[in-house]
Amino acid sequence: MGIVLRGGRVVDSDGESVVDVEIGDDGRIAAVGTGLVGEEDLDCAGCVVAPGLVDLHAHLRQPGDEEAETIETGARAGALGGYTALVAMPNTEPTTDCVAVVEQVRALGEPAACEIVPSAAMTVGRRGHQMTPMGELVDAGVGMFTDDGTGVQDPQVMRRLMEYSTGLTDRLGHPVVLAQHCEVTALSEGGYMHEGAWSSRLGIGGQPAEAEELMVMRDITLARMTGARIHFQHLSTGVSVAMVREAKAAGLPVTAEATTHHFTLTDAACACYDPVFKVHPPLRTDADVAAVRAGLADGTIDAIATDHAPHTVDAKERPFDQAPPGMLGLETALSLALEYSGLDLSGVLAALSWRPAAIAGLADRHGGPVRPSRPANLCVFDPDATWTVSGRAMASRSANTPYEGWSLRGRVRHTLNRGVPVVVDGEARR
Ligand SMILES: [Zn+2]
């Protein structure tokens, strides 16, 4: 007998039903039904009980920039946001480009509130030239490779990476995933926001949409040539979404994510010159926001990611052109998705839980249906609870949320990590 999640509405990829969920001492779901008896009840009245959320794109800053975030604080922020797994980006210091750093990240993540899933760089030091020891990294459990922060600029290097990756499979036997941050730096250099009417008016250098779109186009072409499994990170423009839609229709093995900020904010937010709105790829136009939502609606965009990118107050207080790009996301993603993505509840959970779990190769323990014997990685949230965003009140070490003062609907009540309640009644326990 263990914990019983009582009185909630279970929503998973199989549908929904009002049932209690009993968690066994082994960290797995022991029973699903009515009238279950346990040692401890967690009240889920009025709440949705769902598979835990999975973020394909989190910058946890450790090793190297522990002032901005640590794996412990990032995972706590994740658990408070309903996440049970975070794919950690490899742009750490040193770069996560070898087995030793992967093992270090994994060890730091062991006691954390979420499962920390290290991704690894595609090229050594993310410099875009020399391939990382991908075979060894796969043997060490890595299933996703990315140079995130920059895209691989050289098409010949990208072709070789794609060719090599087609011979590698992850833990579950799926092809490993190459995740691309699409940005041709020759075009984006000197740009700090989206290039358009707002950048001209504000006198801030712009990054054209084409800087992203050219690389999306190139990688679709190379995927067709090599058969490699490509995932497009943080798609932000209408043309990018249209190209991925076409590639999928043609049967290419591509997937895509969009961040919460790319369907909630536009470049107009930069009018106050506040670097909290500086992010790569930059906030785009109303038409791009509409295209991202349409991409989510028709499944062109498989997953909603956070691109959670903590930065210290000092760093974000520099002038707009000098401040680092990036914004927090883990504690606001679910609420924003519920209210602004245009998706219904099951669509939101598909994009935040089971689809990203499948892309990251985690489907054996995250995102699966709420059924006996499945690992109890679960989140419980009240879809009607309202709250006000405050950067300082967040568990993250940094406070750079672009949603400061926003009133949002939908709040996490409990999160269970391998059966252990790590968030109870909205409070972190780990
Ligand atoms: Zn990126």
Side-chain angles (χ1 to χ4, degrees), residues 54-64 71 74-75 78 83-110 112 114-152 157-158 160-181 219 223 226-233 253-255 257 302-303 305 307-308 355-367 377:
V54 175
D55 190 11
L56 291 172
H57 200 138
H59 296 277
L60 302 175
R61 303 297 188 218
Q62 199 176 10
I71 285 173
Y83 287 90
T84 54
L86 307 177
V87 178
M89 290 296 105
N91 64 333
T92 47
E93 187 57 51
T95 306
T96 309
D97 60 4
C98 62
V99 172
V101 184
V102 165
E103 298 295 0
Q104 184 189 357
V105 169
R106 195 174 284 136
L108 287 164
E110 199 44 51
C114 296
E115 179 173 347
I116 303 302
V117 182
S119 61
M122 292 193 269
T123 67
V124 174
R126 298 171 44 252
R127 285 189 289 274
H129 306 301
Q130 187 193 342
M131 201 184 295
T132 54
M134 286 174 69
E136 274 176 41
L137 288 159
V138 167
D139 290 341
V142 174
M144 183 180 273
F145 292 85
T146 175
D147 275 9
D148 182 53
T150 44
V152 175
V157 172
M158 197 60 214
R160 295 283 176 245
L161 283 161
M162 287 196 191
E163 284 172 344
Y164 189 72
S165 75
T166 55
L168 300 171
T169 53
D170 73 8
R171 219 167 37 82
L172 301 178
H174 305 133
V176 298
V177 176
L178 302 183
Q180 189 79 283
H181 166 125
D219 282 2
T226 60
R229 173 72 185 84
I230 298 297
H231 174 74
F232 292 108
Q233 297 176 299
V254 301
T255 52
E257 69 187 34
D302 303 82
D307 198 359
H308 180 81
R355 287 210 221 105
I359 291 168
L362 300 172
D364 57 333
R365 46 187 198 269
H366 295 276
N377 291 312

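Along the sequence shown, the residues carry numbers beginning at 1. Atoms considered below: every heavy atom in the structure, side chains included; atoms not considered: hydrogens, waters and symmetry mates. None of the values given here were measured: they were computed from a predicted structure.
- When side chains are defined from C-beta on, N91 counts as touching R61, because their heavy atoms get closer than 4.5 Å.
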Test side chain to side chain contact (heavy atoms under 4.5 Å, CB included) on T92 and Q62; report intermediate values, then the result.
CA-CA 6 Å; T92 47; Q62 199 176 10; over 6 Å; no
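- With hydrogens and angles left out, the side-chain atoms of T150 and R127 include no donor and acceptor closer than 3.5 Å.
- Looking at residues two or more places apart in sequence or on another chain, you find no ring-ring contact (aromatic ring centres under 6.0 Å, His included) involving H366.
- Residues D55 and A305 approach most closely at OD1-CA, 3.4 Å, considering heavy atoms.
- Using a distance-only test at 3.5 Å, with no hydrogens or angles considered, a donor-acceptor pair links the side chain of S119 to the main chain of A88.
- Here the side chain of T169 pairs no donor or acceptor atom with the backbone of P175 at under 3.5 angstrom.
- With contacts defined as side-chain heavy-atom distances shorter than 4.5 Å, the pair P133/D97 does not qualify.
- With hydrogens and angles ignored, the 3.5 Å screen pairs a side-chain donor or acceptor of R171 with a backbone N or O of G361.
- Closest approach of L172 to L362, counting heavy atoms only: CD1-N, 4.5 Å.
- Two residues are said to be in side-chain contact when any heavy atoms from C-beta on lie closer than 4.5 Å; L86 and H308 fail this criterion.
- Here the side chain of H181 pairs a donor or acceptor atom with the backbone of G149 at under 3.5 angstrom.
- Looking at H59 and D148, their side chains do bring a donor and an acceptor atom within 3.5 Å of each other.
- Using modelled atom types and a 3.5 Å distance limit, the side chains of T123 and D147 yield a donor-acceptor pair.
- When atom types are taken as modelled, the side chain of Q180 and the backbone of V152 share a donor-acceptor pair closer than 3.5 angstrom.
- The side-chain heavy atoms of L108 and I116, taken from C-beta on, include no pair separated by under 4.5 Å.
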